[in-house]
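First up is the structure itself, then whatever we jot down about it.
The sequence lines fix the lettering, A, B, ..., with proteins before strands; numbering per chain opens at 1.
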2 protein chains.
Amino acid sequence: MSVGIRHDDLRRRNRAMVISAVRRAGQPSRTEIAATTGLSHSTISAISADLIQEGILTESKASEPTTLKRGRPQIGLALKPEAAAVLTVVLSLNFLSVAVIDYAGQVIAEEQQRLDTLVMPRDELIGECVAIVRRRLQDPDLDVGSVARIAMGIQGITDTHARAMLWSPITPLTDIPFADILEREFGIPATTENDCNMMAVALQWRDPERYRDDFIAILLSHGIGMGLVLKGALFTGTHSSGGEFGHMIHRPGGALCRCGRRGCVEAYAGNYAIWRSAMKMSEDAEPVDVGDADMRALAAKARAKDGPEREAYRRAGEALGFGLGNLFALIDPAPVAMVGVSAAAFDLIEPALREAIAQTAGGQYSKSISFDTEPNELPLIREGCAMRALTFVDQEIFAPGGQARAGLGKNVA
Amino acid sequence: MSVGIRHDDLRRRNRAMVISAVRRAGQPSRTEIAATTGLSHSTISAISADLIQEGILTESKASEPTTLKRGRPQIGLALKPEAAAVLTVVLSLNFLSVAVIDYAGQVIAEEQQRLDTLVMPRDELIGECVAIVRRRLQDPDLDVGSVARIAMGIQGITDTHARAMLWSPITPLTDIPFADILEREFGIPATTENDCNMMAVALQWRDPERYRDDFIAILLSHGIGMGLVLKGALFTGTHSSGGEFGHMIHRPGGALCRCGRRGCVEAYAGNYAIWRSAMKMSEDAEPVDVGDADMRALAAKARAKDGPEREAYRRAGEALGFGLGNLFALIDPAPVAMVGVSAAAFDLIEPALREAIAQTAGGQYSKSISFDTEPNELPLIREGCAMRALTFVDQEIFAPGGQARAGLGKNVA
DNA sequence: AGGCTTTTTTTCGAGCCCCGAAAAAAGACT
DNA sequence: AGTCTTTTTTCGGGGCTCGAAAAAAAGCCT
């Protein structure tokens, strides 16, 4: 059962709340923080004095010099960029990308690299990941001690505790405990999470208006992935990252999926499936990699005239629609973000998708469901990883439960 | 964003935790409570003294007189039955049932009634519900003032806030705000929740060993319903009670479902669907009501010899299996409880069900998924309603946030 | 320019709450 | 009857938040 609240937890939680309020609002004054948290001015004053003294926050007068109001001007509080740093690692099909991000969320260094994930042996894949991280950490401009967290976003299934990649479409390898490997190698706490979940996290930060409590991020790429936020929190499975939307069964015994099973949504809506269908290949044909450029050309052809290309997108829409409908039967409808190269072809997908949804339990709301598209998934994934890592630092390092803060926040008087 | 923790919340939460510990453990000593909550002995002592003085808890020495240990004997703490009472209302197909339950969870009065829900006009249906509740409340043995909550469990979709029935298979009527109606009528806070969700709540209390953090309760009856507990909490949709497992699409464009759509899981696995299939009727045939006795006879026939009856159960198993597989793709596998009259025929359903799951994303775990059966849903639903109402009293009335407790817990010195 | 008004921020004392240590209580054991 | 063991209560100390009041830092107005 849930444990009691000790008296000292109180300050810890309220500290975390103040930090979180600053991260969310940008440069709020103490008064604003008091308003959003519901705590009294005196409490906010005390906590923020602590945080400034510990080098976690700074005062920044430049809060809207335009607002010429009477009264004592507000002093904006901001996250101190030097308070800490985090490192993000994004591993996707044939592509590895690393970035170093300061405590305020600004990218301060990055590096990208192509690699043949599909054929690399285990040691090599791990080795490349470790090597690129090491290169970034050895950057003389970077204070290695300030790097408080490594967050990895990876295409594939991860475990609930964000320790390992369990299975991935980008490599035949399974069960790689990336988080443990990185921690052992660099002595920095690390996590490994599903890329689509990170996309969802990023959307929540980018547009909290639209993506607040309940929404769905769907990656339309080689495969189909999903990140789900319910009641404000990232939804994961009981054991794994969960949300394997792409592998819900659309047609029992149907088209061959990359995962080896038949009839999955992905076997109709993944890039390879659209391609296979447009080329009039058999539904049993082995999935092939299709480049983004080829997919864009395919979409152009489908737009130009009716034919097998257009039909392929129509079938993709149908599969996505029934899948979404089934999802809506469980969780009710919510705003959807379509991300990835095929999101740019959403105009070809949408009609059949809506028609399919209308035939499902979510159908009553079919018209009111709103879709948004974002063709570029990589920046989203990185952003999500960064925010995940930064909020961890906020909560666990700068508002710790019991044990002292490590070497960070060192600008203490 | 989540609101700050005020200083007074602390005591409130810890009070709630003590009450909850007592409800869970039965007759724990103060020391045991200190252990499970993680709070200090002195705090538990202070809080329980308050609660006893307010007439919410009582000391009950009779805690295992067998344990002859050295040292001061423990004093068991128990919920004081007279501290409050709750009333449960269970409305299902052609059946209405009400019970009054004391604060310790014992049924102290009950009443049941048949009624033709399918054909009753709106006023009459509401009227009967109000009337049966009024009769119970007018019982001279009952102190009406102690009734702190009414919890209604209803077959059908309810809204997230547990205010209204939105849609139900037991009546053509829609959008009946039962909670508001009961509150207005009796001036007692009320809720209206989905029956399968209440089943899940009850299972969690009955067997917390097996049904703790993640599990699924599926009602196999005229229709197919589901209650889902994830990460220890009841899972509901964003707008409605959600979990419309029975109306996930199993075969696009397939058999006619009671809901008017085609290919739903229920259209293969609901009692009417099994019946329709066993009688070799068309998949487009209008759903008919089948009595429990007829279903039991059907199952017996299916067990006796191979034929259309056995095939009907096989197809039901297949539909349930693909449905569960799709669910498992999203949330990972979890223990399942099959409840309702067709749960007694689970032996006929299981083989095809497991085979179907094996073809889905959850398939890897197919063997390890464990099923349990419980043919009688009514007691479960009532128990769930009772626990829901009682924990509400625990949390919101006896550990209130700010405003004083109403007239309850009146045995104050 | 100097005093007044307004708004933000800090200071201060009061009131709670939790905790640890010590004391008290209540039997069992010898 | 005295000692031991375990549970429960009591008591003092340290923290935390809060409200009120004071201080600070402007703009406004005569």
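Inter-residue side-chain proximity for A:Thr192 and A:Arg163 is flagged as unmet; no heavy-atom pair is nearer than 4.5 Å. The shortest distance between side-chain heavy atoms of A:Glu32 and A:Leu77 does not fall below 4.5 Å. Proximity of B:Asn14 to B:Thr37: side-chain heavy atoms (C-beta onward) are nowhere separated by under 4.5 Å. Between A:Val229 and A:Arg212, the closest side-chain pair of non-hydrogen atoms is not below 4.5 Å. When side chains are defined from C-beta on, A:Ile33 does not count as touching A:His41, because their heavy atoms never get closer than 4.5 Å.
In this structure, A:Leu10 atom CG and C:dG15 atom P are separated by 20 Å, rounded to whole Å. Nucleotide D:dC16 holds its C1' atom 12 Å from the CG atom of A:Asp50, rounded to whole Å. B:Arg13 places its CZ atom 16 Å from the C1' atom of C:dC16, with the value rounded to the nearest Å. Put simply, CZ on B:Arg11 is 9 Å from C1' on C:dC18, counting in whole angstrom units.
Between A:Asp394 and A:Arg24 there is no salt bridge, since none of the side-chain N atoms of the basic residue sits less than 4.0 Å from a carboxylate O of the acidic one.
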**Asked** Quick one: what's the B/S/- string for nucleotides 5-13 of chain C, heavy-atom cutoff under 4.0 Å, read 5' to 3'?
**Response** BBBBBBB--
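A donor-acceptor contact under 3.5 angstrom links the side chains of A:Ser40 and A:Thr43, judged on distance only.
The end-to-end axis angle of the helix from C:dA1-D:dT30 to C:dT30-D:dA1, rounded to 10 degrees and based on five pairs per end, is 20°.
Between B:Tyr103 and B:Phe398, a ring centre-to-centre spacing shorter than 6.0 Å is recorded.
Under 4.0 angstrom from either OP1 or OP2 of D:dC16 there lies no side-chain N or O belonging to A:Asn14. Dashed line: the shortest gap from a side-chain N or O of B:Ser40 to OP1 or OP2 of C:dC18 is not under 4.0 Å.
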